[in-house]
Amino acid sequence: MITPFESPIFVTRPVFPDLADYTAQLTEIWDSKQLTNNGLQHKRLEGELAEYLAATHLKLFSNGTLALLLGLKALGLKGEVITTPFTFPATVQCLDWNQLTPVFCDIDPVTLNIDADKIESLISEQTSAILAVHVFGNPCEVEKIQKIADKHHLRVIYDGAHVFGTEVMGKPIHHYGDMTMYSFHATKLFNTVEGGALAFKEDHLAQKLDLLKNFGLLDAEQVVLSGLNAKMNELQAAMGREVLKVVDVEREKRHELKKIYEAHLNAIPGLRIVTSLEGAASSYQYFVIEVDQDQYGRTRDELFDALADYNVFPRKYFYPLCSDFSWYSRLESAQPENLPVARKSVQQVLSMPFYGELSREAVEKICGILKELHVEKKEVLNYRK
Ligand code: T4K
């Protein structure tokens, strides 16, 4: 048996900038006496990110969830929104908080993104938008989705929590759809500890979003709409400005690790690497596999448990399906028979350790463990007797 790792190997580790550089930013903040409320760091990061991501408008938020929640609010959506059940709870919870009803659409078996071919049949008189997620950093079928939206006059919002810096057909990913949310949580490729942003093209949304994230305050005496507090503070923004300096290096390191995983895993029966559609780039946010019990000889859950003995802790992103949340049980679209692909994938996915600080040798060892844990068909048959 391969010896277990000495210290636990987690699914990810945050990107940390140079401590001395961050300390220098903190000194500037201390001198300025401005800790939050659209300070200098905030203004600079907003500008630097808009330039880095090539966004017409980019607004910062205290986290990705509040960015999405207020983005949906700013668009003034009503009724039903077609979305995916295979996502982090935040996506659908943002619908709940906007009094919007999710209509769950099944997913594509290759990318695990919303299945664009199944969207149209779910559109009703109440539908106002499509909320799709670029799952694990692999882009949705953006052009197909836009065509459906144009035909039925629907808004398109992307949960782009995982797609920092991704391009599709030579354009930044937020070029597609009306609005894209980015998450800058500590576990993301680019982080501001906690944080998020919205990228969009329509000028009139800019002021509305500034108001929504700051209690609807137009000035010290005028409250013009019902907002809340979703502002990014100066310490978060300064962190982001430093992480931005190292994000390309981080992405390159992950690119190299992905190649090692791919080289080894393609030779192990029953492990499928969840990939982008042909031609689309990945953000290198997560490295995810699907475990086929028949060919691999173990279920995903058995593999997950076995890896813990080697001190390896992947995550079941995403599990459970959002459509299984108790408060959706009466929705027709949440019924299991309507979501066969999502239902199968949710039992098979495993997000493997994937971050720049992980060594080449560690990834090779993890692949060796995955090989060691593969049970030959003969053994499975004997075991099942
Ligand atoms: N939409 C989608 C599709 C999303 O995936 C997310 C968030 C959102 C929306 C909402 O965006 P935010 O509001 O979060 O900006 C994590 C993250 O908290 C969450 O941001 C992320 N998606 C989700 C996929 O993963 P947990 O509960 O799995 O995180 P946690 O604390 O278990 O961390 C995972 C591993 O990372 C740990 O085992 C160790 C390592 N870690 C984590 C943190 C926080 C560290 O080494 N250091 C750290 O500081 O949710």
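We count ligands from 1, going down the list as the structure has it; atoms in each ligand are counted the same way.
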For atom 14 (O) of ligand 1, find the nearest protein heavy atom and state the residue, atom name and distance (0.1 Å precision).
H185 CB, 3.9 Å

Give a yes/no on ligand 1: does P14 have at least one heavy atom closer than 4.0 angstrom to it?
yes

Aromatic ring pairing Y296/H374, orientation class (parallel under 30°, perpendicular over 60°, tilted between)
tilted

Counting from 1, what ligand 1 atoms have a heavy atom of T91 closer than 4.0 Å?
1 (N)

Strictly below 4.0 Å, N to O, side chains only: are E202 and R155 in salt-bridge contact?
yes

Verify the ring-centre separation between F318 and Y286: is it less than 6.0 angstrom?
no

How close does the nearest protein non-hydrogen atom get to atom 42 (C) of ligand 1, and which residue and atom is it?
T187 CG2, 3.7 Å

With sequence neighbours left out, what residues match F354 under ring-ring contact (aromatic ring centres under 6.0 Å, His included)?
F287

Report yes if some N/O of G64 lies less than 3.5 Å from some N/O of ligand 1; otherwise report no.
yes

Of the side chain and backbone of Y286, name the one, both, or neither that has a heavy atom under 4.0 Å from an atom of ligand 1.
side chain

Basic-acidic side-chain contact under 4.0 Å: E250, R254:
yes

Between T12 and ligand 1, which part of the residue brings a heavy atom under 4.0 Å of the ligand: side chain, backbone, both or neither?
both

Any atoms of ligand 1 less than 4.0 Å from a non-hydrogen atom of A90? List them with their elements.
8 (C), 9 (C), 10 (C)

What is the closest protein heavy atom to atom 4 (C) of ligand 1, and at what distance does it sit?
F88 CB, 3.4 Å

Under 4.0 Å from any heavy atom of S183, which atoms of ligand 1 are there?
11 (O), 12 (P), 15 (O)

Taking the minimum heavy-atom distance to atom 20 (O) of ligand 1, which of Q93, H134, K188 ranks first?
K188

For atom 13 (O) of ligand 1, what is the closest protein heavy atom, and at what distance to 0.1 Å?
T65 OG1, 2.5 Å

Is there a chain of hydrophobic side chains (I, L, V, M, F, W, Y, each step under 4.5 Å between heavy atoms) that links L212 to L198?
yes

Short N/O distance, under 3.5 Å, between R13 and ligand 1?
yes

So, for atom 36 (O) of ligand 1, does the protein have a heavy atom nearer than 4.0 Å?
yes

Verify the ring-centre separation between Y328 and F104: is it less than 6.0 angstrom?
yes

Quick check against the 3.5 Å criterion: does E46 have a side-chain atom that pairs as donor or acceptor with the backbone of K43?
no

For R315, the atoms of ligand 1 under 4.0 Å from one of its heavy atoms are 26 (P), 27 (O), 28 (O), 30 (P), 32 (O), 34 (C), 38 (O)

Decide, yes or no, whether a salt bridge links E256 with K253 under the criterion of side-chain N to carboxylate O below 4.0 Å.
no

Please state which protein non-hydrogen atom is closest to atom 38 (O) of ligand 1 and give its distance, to 0.1 Å?
F10 CD2, 3.6 Å

Mind checking whether F200 and H57 have parallel, tilted or perpendicular rings, split at 30° and 60°?
parallel

Mind checking what makes ring-ring contact (aromatic ring centres under 6.0 Å, His included) contact with Y355, not counting sequence neighbours?
none

Nearest-option assignment for atom 1 (N) of ligand 1, heavy atoms, candidates T192, D159, V11
D159

Below 4.0 angstrom, N of the basic side chain to O of the carboxylate: do K258 and E262 qualify?
yes

Give a yes/no verdict on whether any heavy atom in G195 is under 4.0 Å from an atom of ligand 1.
yes

Around atom 5 (O) of ligand 1, find the nearest protein heavy atom and jot down its residue, atom name and distance.
H162 NE2, 2.7 Å

Taking heavy atoms and a distance under 4.0 Å, where does E194 meet ligand 1: side chain, backbone, both or neither?
neither

Proximal atoms of ligand 1 relative to T87 (non-hydrogen, under 4.0 Å)
3 (C)

Within 45° of the six-membered ring axis of F304 and under 6.0 Å from that ring's centre, is NZ or CZ of K316 located there?
yes

Y317 versus ligand 1: do any nitrogen or oxygen atoms come within less than 3.5 Å of each other?
yes

